[in-house]
Each structure stands twice: as structure tokens, then as C-alpha cells.
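Values below: all heavy atoms of this structure, side chains included; hydrogens, waters and symmetry mates excluded. Naming: A, B, ... by sequence-line order, numbering from 1 per chain.
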Number of protein chains: 2
Amino acid sequence: MRVSNLSDHTGYWLRMVSNAVSQDFARKVATEGVTVAEWCFLRALFDTEGTAPTLLADQMGMTRGAISKLADRMMAKGLVARIESSGRGQILALTPTGRAKVPTLAAMADENDAAYFDALSGDDRAALDRILQTLVENRGLTAPPLD
Amino acid sequence: MRVSNLSDHTGYWLRMVSNAVSQDFARKVATEGVTVAEWCFLRALFDTEGTAPTLLADQMGMTRGAISKLADRMMAKGLVARIESSGRGQILALTPTGRAKVPTLAAMADENDAAYFDALSGDDRAALDRILQTLVENRGLTAPPLD
DNA sequence: CGAGTTTAGTTTCCTAGTCAACATAACCAG
DNA sequence: CTGGTTATGTTGACTAGGAAACTAAACTCG
């Protein structure tokens with residue numbers, strides 16, 4: 001019986017590269033004591049005064065439960081504060097410490113991306129970006145890149 | 001303070017597409033009662049008489065512990081058998097049931113890949129494959145696409 | 001107003017990995 | 001052969017997330 005091989009699929013190579021990029025980035029930010037999810041969380045909060053957990057869950061493509069726990073962990077690290085707002089609702093906001101970390105982490109993200117993609121020719125880089133955009137639009141993807 | 005945005009990075013979009021592809025595939029194979037890791041496991045075993053767990057761990061980019069547990073689950077599903085070989089070593093092999101599932105799952109993999117990438121123009125498809133290969137070679141990636 | 005419904009956040013249970021400690025078998029030197 | 005080292009597979013503790021039940025607040029409308 002003839003069956004296709006894993007490596008026959010574009011998705012296989014896509015995943016291979018994507019995982020390598022992410023894992024490398026995870027290693028880098030770990031030196032700052034932060035996970036990739038935490039980085040996304042910090043970055044999302046960076047240009048707001050504060051955000052409701054549910055909204056953050058939508059933006060990050062995670063469940064409210066996950067955000068709840070993530071917020072706990074980040075509060076424990078002193079990066080984020082929960083601000084009781086009107087009644088039940090709450091607002092998550094960066095602490096000064098958390099805010100101060102963002103530029104460092106953003107630089108790591110830039111560096112990580114460059115390490116992989118600056119090696120491509122200008123044409124290839126542009127083609128890759130364009131093709132990925134096409135795929136995102138074709139499939140109407142809006143969910144962010146966390147598992 | 002000016003910091004880059006998540007979506008400024010090629011890696012962000014790569015991950016977005018890669019995750020969408022994988023999650024769609026996960027949904028598909030779930031209808032056959034199988035996870036993506038299990039599919040990789042089955043496929044790896046398909047064209048051998050049997051494989052040692054440690055070798056499989058290398059091939060799949062997982063730890064021996066993970067393979068041990070994965071093998072337990074798949075034995076419970078009747079897809080895989082542990083064959084005691086000489087002394088300590090063991091050999092994992094497909095059962096007839098496991099073997100029978102592979103073509104179906106492979107067809108799903110083909111279909112999933114097509115759903116995403118057949119929509120691209122021939123040129124773009126070729127360019128994507130080529131660029132991904134370039135990245136794999138640049139970085140010397142060998143680890144398989146599981147997290 | 002007050003009862004039912006919607007929404008927000010938390011919690012519990014589950015899954016699927018890693019990592020590191022472990023037991024034991026295999027290998028190799030003397 | 002025997003003692004130390006290496007390799008194999010398993011296990012237990014831990015992590016990060018999802019799903020769904022749960023709690024409580026906030027709306028709605030009769």
C-alpha cells in the first residue's frame with residue numbers, strides 16, 4: 001500500500017520551521033524569566049492603560065481560564081497588576097517592572113526574527129511574507145499564533 | 001518608548017498559519033480517534049517491521065518518556081504492539097488494526113495540505129516550498145515538527 | 001422592582017508533553 | 001568473571017493549556 005510521507009506535505013516543513021523559530025525565541029526570552037505566552041501578554045498590555053481579561057483572551061486566542069492563570073503567574077512575578085474596576089469586571093495592567101521589560105523582549109523578538117529571515121534574499125523574504133498573508137486571508141485566520 | 005509589534009515579525013505569521021494547519025489536521029484525525037502525535041507514530045512505524053522506542057524518539061523529536069507513554073496509549077487503542085526483543089530492548093510495531101488506519105490518515109494529511117496550499121498559484125506554492133527548504137538548510141533543522 | 005438570562009472570572013479535571021531520577025540490562029576492561 | 005560505565009525504558013513530579021462546571025455580578029424586560 002502506497003501512502004504519502006510526512007515530508008511530502010508543505011505543512012510539515014512549515015511546522016518544522018515555525019517550531020524552530022518559536023523554540024529559539026522561547027529560549028531567548030527564558031533568559032528574562034518569561035515564557036512566550038507571557039511575552040504576548042506583556043506586549044498586548046504595553047500600549048494600553050489596561051485591558052479586561054476577556055478581551056485579552058480574544059486577542060491572544062486563549063481561553064479565559066488560561067488568561068486567569070497566566071495573570072496569576074505574572075502577578076506573582078510582579079509584572080502585572082489586577083485593578084478592580086466597576087463591580088465584577090477587572091482590568092489587567094502592566095506594573096512599571098512589567099513595562100520596563102517590554103523593550104528588551106521586543107528587541108529579542110526582532111533579533112530572533114532576523115536570525116531566521118534576514119538570511120533570505122530580499123525577494124524571498126518579500127515572497128514569504130506575501131504568501132503567508134495570502135494564506136491568512138484565504139482561510140480568514142484571525143486567531144493569534146499561540147497553540 | 002517605541003517597540004516592535006508582534007505582527008511585525010515573519011515568525012508571527014508563520015506560526016499563525018502553521019498552527020491553523022496543524023489544528024485543522026488535528027480535528028480531522030480526531031474523527032479517527034487519533035492525535036497528531038499518534039499519526040506521526042503510526043506513519044513512522046508503517047514502513048518498518050518494527051522500531052526501537054529510542055530510535056522513534058529521535059525520529060519524532062520527543063523524549064523517551066513521551067514515547068513510552070504514547071506507546072502505552074496506542075497499545076490501549078490496539079494500534080501498536082510491544083515486542084520483547086533480546087533482553088532489555090523492545091520493538092514497537094503496528095498491529096494489523098494500526099496498519100490499516102495509516103492509508104486513511106495519510107489521505108487526511110494530503111487533503112489537509114491541499115486545503116491550505118492548493119489555493120496558491122503554482123509559482124507561489126513552489127516558492128514557499130523552496131523558501132522553507134532554504135530555511136531548514138540554513139539553520140540545519142532536523143528535528144521533526146512536533147512541539 | 002424582581003425573575004430570568006447573559007456575561008465575567010475562577011476553578012477543577014483532564015491531556016500531553018518535559019525533565020530528572022530510577023532500575024536494570026548490556027557492554028567492556030582488567 | 002566481575003566491577004564500572006553506558007544505554008534503555010519507565011516512572012513521578014511538574015508545566016501549560018483546554019473544556020466545562022461553577023459563582024456571582026450585570027443586564028433586561030414584564
Discussion item. So, does B:T54 get its side chain near the phosphate of D:dG9, meaning an N or O under 4.0 Å from OP1 or OP2?
Written reply: yes
For nucleotides 20-24 of chain D, tabulate all protein N/O to nucleotide N/O atom pairs closer than 3.5 Å, reporting atom names and distance.
none

Item to complete: Applying salt bridge (Lys or Arg N to Asp or Glu O under 4.0 Å), run through A:D24 and A:K28 and close with a yes or a no.
Response: CA-CA 6 Å; A:D24 253 355; A:K28 289 199 178 95; 5.1 Å; no
Worksheet entry | Nearest-angstrom distance from the residue atom CG of B:D72 to P of D:dT11 | 7 Å
Worksheet entry | SB check B:R15 A:D113 (cutoff 4.0 Å) | no
Worksheet item: Picking from C:dT11, D:dT11, C:dG17, which would you name as closest to the side chain of B:S68?
Response: D:dT11
Worksheet item: How sharply is the helix from C:dC1-D:dG30 to C:dG30-D:dC1 bent, taking the axes over five pairs at either end and rounding to 10 degrees?
Response: 0°
Worksheet, complete the sentence: Between NZ of A:K69 and P of C:dT10 the distance, given in whole Å, is 11 Å
Discussion item. For B:E32, give me all partners under salt bridge (Lys or Arg N to Asp or Glu O under 4.0 Å), at least two apart in sequence or on another chain.
Written reply: B:K101
Discussion item. For B:D110, give me all partners under salt bridge (Lys or Arg N to Asp or Glu O under 4.0 Å), at least two apart in sequence or on another chain.
Written reply: none
Worksheet item: Counting side-chain heavy atoms from CB outward, which of D:dG18, C:dA16, C:dG9 is closest to B:T35?
Response: C:dA16
Worksheet item: Does any pair with a residue in residues 43-66 of chain B pass side-chain hydrogen bond (donor to acceptor under 3.5 Å, both in side chains), and if so which ones, sequence neighbours excluded?
Response: B:R43-B:D47, B:T48-B:T51
Discussion item. The criterion is salt bridge (Lys or Arg N to Asp or Glu O under 4.0 Å); which residues satisfy it with A:K69, sequence neighbours excluded?
Written reply: none
Worksheet item: Taking the hydrophobic residues Ile, Leu, Val, Met, Phe, Trp and Tyr, and joining any pair whose side-chain heavy atoms are under 4.5 Å apart, which ones share a cluster with B:I83?
Response: B:I91
Worksheet item: Is A:L55 isolated, or which residues cluster with it under the ILVMFWY side-chain rule of less than 4.5 Å, directly or via members?
Response: none
Worksheet item: What nucleotide, of D:dG17, C:dT18, C:dA8, holds the atom closest to the side chain of B:T63?
Response: C:dT18
Item to complete: To the nearest Å, give me how far apart CE (B:M62) and C1' (D:dT10) are.
Response: 15 Å
Worksheet item: How long is the line joining CG of B:D58 and P of D:dT8, in whole Å?
Response: 9 Å
Practice prompt. Round to a whole Å and report the spacing from CE of B:M60 to C1' of C:dT18.
Written response: 15 Å
Practice prompt. To the nearest Å, give me how far apart CD1 (A:I67) and P (C:dT10) are.
Written response: 11 Å
Discussion item. Without decimals, in angstroms, what is the distance between B:Q90 CD and C:dA23 P?
Written reply: 19 Å
Discussion item. Please report the distance, rounded to the nearest Å, between CZ in B:R82 and P in D:dG9.
Written reply: 10 Å
Worksheet item: By side-chain contact (heavy atoms from CB on, under 4.5 Å), which residues pair with B:T31, not counting sequence neighbours?
Response: B:M108
